[in-house]
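Quantities reported herein were computed from a predicted structural model and do not represent experimental measurements.
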Amino acid sequence: MATVLSVSGSPSATSRTARLLRHLDRRLTAQGHRVTPLDVRTLPAEALLLADFGHPAIVRATALFAQADGIVIGTPVYKAAYSGLLKSLLDLLPQYALVGKTVLPLATGGTTAHVLAIDYALRPVLASMGPAHITPGWFTLDRDITVGEDGTASLAPGAAEGLARVTDQFSAALGGRTTALAATG
């Protein structure tokens, strides 16, 4: 199966975006993929802000992108755009870091007014990096993500169905099976 890099562009340690990604990671793992999570907030701020391409953490992150067959990019939406933290990482990657990759863009936000951020802000940047395919993305309202006592996310039924659908399309594009245990949905 494919190797997937699951990237959270949220600066928050209690991020709903990251929890949504870990929920999706479990589904992809159940479908036979190897998933590596990357929370951009754990990379050194100084390396990101000073564009230190040679910093060991940035070199490792770049290698994770190179090794992956598929990339899931998740971001909270701020002021109708993806996070500046995610932008700082994308700016440090090689121009064509996504060549040959399949990409799934995801976003979370407080209002449906931000739904188009995926298509009008994030997708053009990702497309400029040369992916083979960008699958349909998914926007999830913050209120549709409930965080359990154990820190895992559960989703409102409509959000869960939509996320499962785009995850399965992404998995199929990677050559994976798209049936998973009901508990992962």
Side-chain angles (χ1 to χ4, degrees), residues 3-25 28 35-68 70-99 101-131 134-135 137-145 147 151-153 155 159 163 166-167 170:
T3 298
V4 176
L5 180 61
S6 180
V7 181
S8 171
S10 177
S12 171
T14 59
S15 167
R16 291 184 187 283
T17 302
R19 289 189 168 111
L20 179 71
L21 285 165
R22 300 305 78 91
H23 177 84
L24 176 141
D25 295 350
L28 289 171
V35 179
T36 301
L38 173 62
D39 292 325
V40 181
R41 69 175 188 77
T42 64
L43 298 175
E46 188 171 320
L48 290 167
L49 294 173
L50 297 177
D52 185 353
F53 293 89
H55 190 285
I58 301 303
V59 170
R60 281 191 301 277
T62 301
L64 290 174
F65 275 85
Q67 295 162 4
I71 313 284
V72 179
I73 301 277
T75 181
V77 175
Y78 301 118
K79 297 189 180 5
Y82 57 94
S83 75
L85 181 64
L86 178 59
K87 174 74 166 126
S88 66
L89 175 62
L90 294 176
D91 286 349
L92 289 174
L93 295 175
Q95 175 64 45
Y96 296 106
L98 301 180
V99 165
K101 314 283 183 206
T102 299
V103 179
L104 169 58
L106 301 173
T108 61
T111 172
T112 56
H114 295 305
V115 134
L116 295 177
I118 290 174
D119 289 330
Y120 290 104
L122 185 56
R123 187 177 296 271
V125 172
L126 298 174
S128 76
M129 298 175 77
I134 301 176
T135 63
W138 186 254
F139 177 86
T140 304
L141 286 166
D142 289 337
R143 69 174 176 250
D144 288 340
I145 304 168
V147 179
T152 61
L155 305 176
L163 182 65
V166 299
T167 303
F170 175 72

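Ile145 places a side-chain heavy atom less than 4.5 Å from the side chain of Leu155. Pro94 is not listed as a side-chain neighbour of Met129, based on a closest heavy-atom distance of 4.5 Å or more. Inter-residue side-chain proximity for Arg16 and Pro76 is flagged as unmet; no heavy-atom pair is nearer than 4.5 Å. Side-chain contact between Leu86 and Leu122 is present, with at least one heavy-atom pair separated by less than 4.5 Å. Counting only heavy atoms from C-beta outward, the side chains of Leu106 and Thr140 never approach each other to under 4.5 Å. By the 4.5 Å heavy-atom criterion applied to side chains, Leu92 and His55 are not counted as neighbours. Within the 4.5 Å cutoff, the side chain of Thr167 has no heavy atoms near those of the Trp138 side chain. Annotation: side chain of Ile58 is in contact with side chain of Leu48 (closest heavy-atom distance under 4.5 Å).
Under the 3.5 Å distance criterion, the side-chain polar atoms of Thr135 are matched with a main-chain donor or acceptor of Val103. Judged by distance alone, the side chain of Lys101 and the main-chain N or O of Ala66 form a donor-acceptor pair under 3.5 Å.
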Exercise. Going through the distances and angles, do Val35 and Val72 end up as a side-chain contact (heavy atoms from CB on, under 4.5 Å)?
Worked result: CA-CA 10 Å; Val35 179; Val72 179; over 6 Å; no

For this session: Decide side-chain contact (heavy atoms from CB on, under 4.5 Å) for Val147 and Thr14; before the verdict, give the C-alpha distance in whole Å, the side-chain angles of both, and the deciding distance to 0.1 Å.
Result: CA-CA 10 Å; Val147 179; Thr14 59; over 6 Å; no

Exercise. Passes side-chain contact (heavy atoms from CB on, under 4.5 Å), Phe170 versus Leu24? Steps please.
Worked result: CA-CA 11 Å; Phe170 175 72; Leu24 176 141; 5.9 Å; no

Exercise. Between Leu85 and Arg41, does a side-chain contact (heavy atoms from CB on, under 4.5 Å) hold up when you go through it step by step?
Worked result: CA-CA 7 Å; Leu85 181 64; Arg41 69 175 188 77; 3.8 Å; yes

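Within a 6.0 Å radius of CD in Glu46, no more than 12 heavy atoms belonging to other residues, nucleotides or ligands are found.
Separating the OG1 atom in Thr111 from the CG atom in Leu141 is a distance of 7.0 Å, to the nearest 0.5 Å. Once rounded to the nearest 0.5 Å, the distance linking CG of Leu20 with OG of Ser6 reads 9.0 Å. The structure places CG of Leu5 at 10.0 Å from CG of Leu98, a figure rounded to the nearest 0.5 Å. Here the straight-line distance linking atom CZ of Arg60 with atom CG of Leu38 works out to 10.5 Å at 0.5 Å rounding.
Nearest approach of Phe53 to Asp91, heavy atoms of both residues: CE2-O, 4.0 Å. What you find for Arg22 and Asp25 is that their closest heavy atoms are NE-OD2, 2.7 Å. Of all heavy-atom pairs between Ala57 and Leu43, the closest is O-CD2, 3.9 Å. Residues Pro131 and Leu126 approach most closely at CD-O, 3.1 Å, considering heavy atoms. Contact detail for Leu21 and Gly74: the closest heavy-atom pair is CD1-CA, 3.9 Å. For the pair Phe139 and Thr108, the tightest heavy-atom approach, listed with the atom from each and the gap, is CE1-C, 3.8 Å.
Looking at Ser10 and Thr17, their side chains never bring a donor and an acceptor atom within 3.5 Å of each other.
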